[in-house]
Amino acid sequence: MTDRPTFQIVDQRSRIPDGPSVARGAEFTDTRGRALRDLRISVTDRCNFRCIYCMPKGVFGKDYPFLKRPDLLSFEEITRLVRLFSDHGVRKIRITGGEPLLRRGVEHLIAALAAMGGLELTLTTNGVLLPRMAQRLKDAGLDRITISLDALDEATFRRMNDVDFPVADVLAGIEAAEKAGFAQVKVNMVVKRSVNDHAVMDLARHFRGSGHIVRYIEFMDVGSSNGWCMDDVVPSREIVDRISAEFPLEAADANYHGEVAERWRYRDGQGEIGVISSVTQAFCATCTRLRLSTEGQLYTCLFAQQGHDLRSLLRGGADDERLRAAIATVWHGRRDNYSEIRTAETAAARKIEMSYIGG
Ligand code: SAM
Ligand code: SF4
Ligand code: SF4
């Protein structure tokens, strides 16, 4: 049974009320019994791409009010928070954005997080800065990398990123990641019907047998600026059927509880693909993800309309005990299930942009 819909328009951030103190090491569960396990950290709201489904040019133009440097959480602030999160169940960190490789010195943040030990460190990037960054990231202790690539033909790829970056730049990024020692790269492709869905097979053919895993993502109604409608979504089932018609696939077990991508293996042993079906097969029931925005707001769902202001606590001098209590209050009160209750009305409502909240 699913919870009663909780979706409503509210302020974009709220002060976290004082809560009871919590013991170091206590694990947190939300109102549906979901544990806190993953933290996605947006280190910048800026990007060198203007993907039509994420940061459309018409909205994210020259005058867009991106965050100013003092607004951003510093690496010291992020590191302090991650230490606290890891005391309370977080095991996996994803560094994202915006384009995380635009944040100067991001490898120092990774090194600081790696030094804590016990965390799986991953990063999602559009890949074009990897030729100069991949080795630094590997040396800093990054465990895994995900690179986005929405088409292999030039015209479609340029149409998707909308700033004329060529496919070759991303392929060079993937190669640089391989050379730096990231053995198995995940390649994210957002599929939009009649725009790039012909590229589903192009990517399957290109990456089959390479050791890398293409993950096909259903186009989502994140934020309020990408003009989402259901007709633009290509259901994952259709993607699996299309690929399977040429290269037979079989379902593979999840690697761990709550894995977002559903795994499908090529029957001839040439590797696997993943599909992320946020729209057609909600996976809220096992969602253990929390998001920390570029300026230190906590979001308990990708589709949230309200953040919880951790930065003001941090900068107001809160001690660790107060911060632990605040995080506990936020997670214990979590009821999110957006993908289970999505309608045309919720899709049209004002939500936080993905580049800010962290994809
Ligand atoms: N800039 C980096 C990149 O593109 O990989 C990291 C941030 S981006 C917001 C993270 C992921 O979210 C990317 O794989 C991107 O394709 C995906 N994404 C962005 N907007 C989306 C949407 N509307 N629907 C589905 N996936 C989306
Ligand atoms: Fe930038 Fe990534 Fe969004 Fe594309 S998907 S605009 S690369 S943040
Ligand atoms: Fe998690 Fe929200 Fe996505 Fe559901 S809609 S899986 S709660 S992020």
Side-chain angles (χ1 to χ4, degrees), residues 2-3 5-10 12 45 47 49-61 64 96-98 124 126 148-151 153 155-163 188-203 214-243 260-262 273-285 287 289 291 299 301-306 336-359:
T2 60
D3 287 348
T6 56
F7 198 79
Q8 55 184 321
I9 296 196
V10 285
Q12 290 198 7
D45 60 338
C47 190
F49 280 23
R50 285 293 179 272
C51 301
I52 53 174
Y53 53 75
C54 179
M55 295 180 76
K57 249 183 191 167
V59 176
F60 293 86
Y64 187 81
T96 180
T124 306
N126 61 33
S148 303
L149 177 61
D150 295 324
D153 67 286
T156 310
F157 185 64
R158 287 179 195 240
R159 184 170 171 207
M160 296 299 279
N161 71 59
D162 215 14
V163 280
N188 275 2
M189 171 184 174
V190 175
V191 186
K192 197 170 171 195
R193 193 179 293 283
S194 306
V195 179
N196 70 333
D197 58 325
H198 62 277
V200 164
M201 287 313 300
D202 296 345
L203 267 88
V214 181
R215 303 194 314 170
Y216 299 94
I217 306 177
E218 289 177 349
F219 173 42
M220 296 185 287
D221 53 320
V222 194
S224 332
S225 60
N226 69 8
W228 183 91
C229 76
M230 193 61 206
D231 291 348
D232 291 337
V233 178
V234 181
S236 290
R237 187 67 245 175
E238 187 181 325
I239 291 170
V240 170
D241 287 347
R242 277 201 221 174
I243 298 173
V260 172
E262 186 182 288
I273 61 152
V275 287
I276 300 181
S277 324
S278 169
V279 179
T280 61
Q281 293 167 51
F283 38 76
C284 302
C287 180
R289 288 175 292 285
R291 292 176 153 85
Y299 290 91
C301 177
L302 179 56
F303 300 91
Q305 294 182 302
Q306 182 183 37
D336 301 274
N337 62 344
Y338 179 81
S339 287
E340 293 173 347
I341 59 159
R342 177 184 284 106
T343 61
E345 195 191 337
T346 63
R350 183 172 57 88
K351 303 185 228 80
I352 313 294
E353 296 299 329
M354 196 160 184
S355 48
Y356 167 83
I357 202 172

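Note that the CD1 atom of Ile217 and the OG atom of Ser148 stand 6.5 Å from one another [nearest 0.5 Å]. Remark: Asp162 CG to Arg159 CZ distance equals 9.5 Å, nearest 0.5 Å. The line from CE of Met230 to CZ of Phe219 is 11.0 Å long, rounded to the nearest 0.5 Å. A distance of 6.0 Å separates CD1 of Ile357 from CZ of Arg291, quoted to the nearest 0.5 Å. Atom CE of Met160 is separated from atom NZ of Lys192 by 7.0 Å, given to the nearest 0.5 angstrom. Rounded to the nearest 0.5 Å, atoms CZ (Arg215) and CG (Leu149) are 13.5 Å apart.
For the 3.5 Å distance criterion, the side chains of Asp45 and Tyr64 fail to qualify, holding no donor opposite an acceptor. Side chains of Thr124 and Thr96: no donor on one and acceptor on the other come within 3.5 Å. Thr280 and Glu218 are linked by a side-chain donor-acceptor pair at a separation below 3.5 angstrom, with hydrogens and angles left out of the test.
Of the possible donor and acceptor atoms, one in the side chain of Asn196 sits under 3.5 Å from a partner among the backbone N and O of Val190.
Here the side chains of Cys47 and Asn126 are in contact, with some heavy-atom distance below 4.5 Å. Taking 4.5 Å as the limit, some side-chain heavy atom of Val195 sits within range of a side-chain heavy atom of Ile52. Side-chain contact between Met220 and Tyr53 is absent, with no heavy-atom pair separated by less than 4.5 Å. Side-chain atoms of Tyr216 and Val240, non-hydrogen and from C-beta on, never get closer than 4.5 Å to each other. Counting heavy atoms from C-beta outward, Asp197 and Arg242 have side chains that approach closer than 4.5 Å. Phe60 is listed as a side-chain neighbour of Ser355, based on a closest heavy-atom distance under 4.5 Å. The side-chain heavy atoms of Thr156 and Asp150, taken from C-beta on, include no pair separated by under 4.5 Å. At a threshold of 4.5 Å between non-hydrogen side-chain atoms, the residues Ile243 and Met201 count as touching.
The two residues Asp153 and His198 make their nearest non-hydrogen contact at OD1-NE2, 3.1 Å. The minimum heavy-atom distance linking Arg289 with Phe283 is given by the pair NH2-CE1, 3.5 Å.
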- For Asp221 and Lys351, run salt bridge (Lys or Arg N to Asp or Glu O under 4.0 Å): C-alpha distance rounded to whole Å, both residues' side-chain angles, the deciding distance at 0.1 Å, then the answer. CA-CA 9 Å; Asp221 53 320; Lys351 303 185 228 80; 3.6 Å; yes
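Geometrically, Arg342 engages Phe303 in a cation-pi contact, judged by NZ or CZ lying under 6.0 Å from the ring centre and within 45° of the ring axis.
The side chain to side chain contact (heavy atoms under 4.5 Å, CB included) check on Ala199 picks up Ala151, Met189, Asp202, Leu203, with sequence neighbours excluded.
The list of side chain to side chain donor-acceptor pair (under 3.5 Å) pairs with a residue in residues 222-233, not counting sequence neighbours, reads Ser225-Glu353.
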